[in-house]
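Written below as structure tokens is the structure these notes are about.
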Amino acid sequence: MQMPPDQAAYYQTVWDIVRQVPAGHVVTFGQIAVMIPVPEGIEPDVYQRIGPRWVGNAMNAVTFRDEPTVPWHRVINSKGGISLEEGSAPATRQRTRLEAEGVRFDSKDLIDFDVFGWDGPDDDWLQERSLLRPHSMKTPPPSPDEPQQLSLF
DNA sequence: CGTTTGACTACGC
DNA sequence: CGCGTAGCCAAAC
């Protein structure tokens, strides 16, 4: 009986998560990284910075094969943009697919998280796989308790 | 087989 | 708000 390499399991988890992203929505590399528990032997603050890069590696593998079971085009960077080389065939394919799903880009080629951002799957789905809920990329709604607006009177 | 690079991101200037 | 840097895994050179 052989133990699968940690890296293989990590990739599988990443792809599993990406499969949950609904059409017309997007998720960031950082969000996916946060959903996966910090691997053994790695400091949490270190994983915070490196995790997204591992997610990028996992995505690159399926992007190259254009794996149809993984909607890799719904994964973007924290700025809301496409991270593939601008003008390249994969980048164009990603943008075309997103626009076909109704996702729109602004004048800076960025996507509005408030409209198209994804905050993760159901709690049940997460709990069954021991995964965590990512932070939302949407701008937080103003708390009713806190004075949210500067009153001029 | 040692180096370099990478679909990234948080943080300090 | 833009730019440079660290991070220490994997895959490509």
Side-chain angles (χ1 to χ4, degrees), chain A residues 2-121 125-126 129-143 148-150:
Chain A
Q2 54 184 0
M3 296 281 262
D6 280 341
Q7 176 262 343
Y10 191 90
Y11 279 24
Q12 287 295 337
T13 304
V14 170
W15 298 332
D16 245 12
I17 293 172
V18 175
R19 274 189 272 263
Q20 308 308 311
V21 184
H25 292 266
V26 291
V27 65
T28 69
F29 296 92
Q31 280 182 295
I32 295 175
V34 166
M35 293 176 71
I36 302 174
V38 180
E40 200 74 27
I42 297 181
E43 293 301 315
D45 59 324
V46 172
Y47 177 71
Q48 183 179 218
R49 282 169 288 169
I50 295 180
R53 213 166 191 175
W54 297 353
V55 173
N57 289 339
M59 292 313 300
N60 185 52
V62 293
T63 302
F64 180 71
R65 305 193 312 250
D66 195 17
E67 179 56 55
T69 66
V70 180
W72 53 265
H73 60 279
R74 296 177 191 142
V75 183
I76 61 177
N77 62 39
S78 62
K79 287 175 293 200
I82 290 175
S83 288
L84 292 162
E85 185 185 0
E86 188 177 356
S88 67
T92 302
R93 179 158 46 236
Q94 178 169 16
R95 175 157 185 155
T96 300
R97 287 179 180 175
L98 284 173
E99 291 180 327
E101 293 179 354
V103 176
R104 298 196 238 174
F105 292 76
D106 64 16
S107 57
K108 296 175 200 165
D109 293 328
L110 298 181
I111 297 168
D112 186 353
F113 286 117
D114 287 340
V115 180
F116 306 106
W118 183 62
D119 293 342
W125 193 91
L126 291 173
R129 295 158 189 270
S130 300
L131 297 178
L132 309 170
R133 177 161 299 285
H135 58 281
S136 176
M137 296 300 287
K138 302 175 183 175
T139 54
S143 167
Q148 67 274 38
Q149 202 72 24
L150 174 75

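Here is the naming used below: chain letters follow the sequence lines, and residue numbers restart at 1 for every chain.
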Item checked: Pairwise P distance, dA7(B) and dG2(C) [rounded to whole Å] -> 22 Å

Notebook entry, point to check: In whole Å, what separates the P atom of dG7(C) from that of dG2(B)?
Noted result: 22 Å

Item checked: Qualifying residues under side-chain hydrogen bond (donor to acceptor under 3.5 Å, both in side chains), relative to Asp114(A), sequence neighbours excluded -> Thr139(A)

Checklist line | Set of residues satisfying side-chain hydrogen bond (donor to acceptor under 3.5 Å, both in side chains) with respect to Asn57(A), sequence neighbours excluded | finding: none

Next item on the list: Spell out protein contact along nucleotides 7-13 of chain B as letters: B when the base is contacted, S when just the sugar-phosphate is, - when no protein heavy atom is under 4.0 Å; keep the 5' to 3' order.
Entry: BBS----

Checklist line | Whether Gln31(A) side chain and Trp118(A) backbone form a donor-acceptor pair below 3.5 Å | finding: yes

Next item on the list: Residues of residues 110-119 of chain A with any non-hydrogen atom less than 4.0 angstrom from an atom of DNA chain B: list those, numerically ordered, please.
Entry: none

Show me the donor-acceptor pairs, under 3.5 Å and distance only, between side chains in residues 86-93 of chain A and residues at least two apart or in other chains.
residue	atom	partner	partner atom	Å
Ser88(A)	OG	Glu85(A)	O	2.6
Ser88(A)	OG	Ala91(A)	N	3.4
Thr92(A)	OG1	Ser88(A)	O	3.0

Next item on the list: Identify, with sequence neighbours excluded, every residue that meets ring pair (Phe, Tyr, Trp, His ring centres under 6.0 Å) alongside Tyr11(A).
Entry: Trp15(A)

Check: Can you list every salt bridge (Lys or Arg N to Asp or Glu O under 4.0 Å) pair that touches residues 102-111 of chain A, not counting sequence neighbours?
Finding: Arg95(A)-Asp109(A)

Item checked: Pairs flagged by salt bridge (Lys or Arg N to Asp or Glu O under 4.0 Å) wherever residues 39-64 of chain A is involved - sequence neighbours left out -> Asp45(A)-Arg49(A)

Next item on the list: Please collect all ring pair (Phe, Tyr, Trp, His ring centres under 6.0 Å) contacts where either partner lies in residues 51-108 of chain A, sequence neighbours excluded, each pair once.
Entry: Tyr10(A)-Trp54(A), Tyr47(A)-Trp54(A)

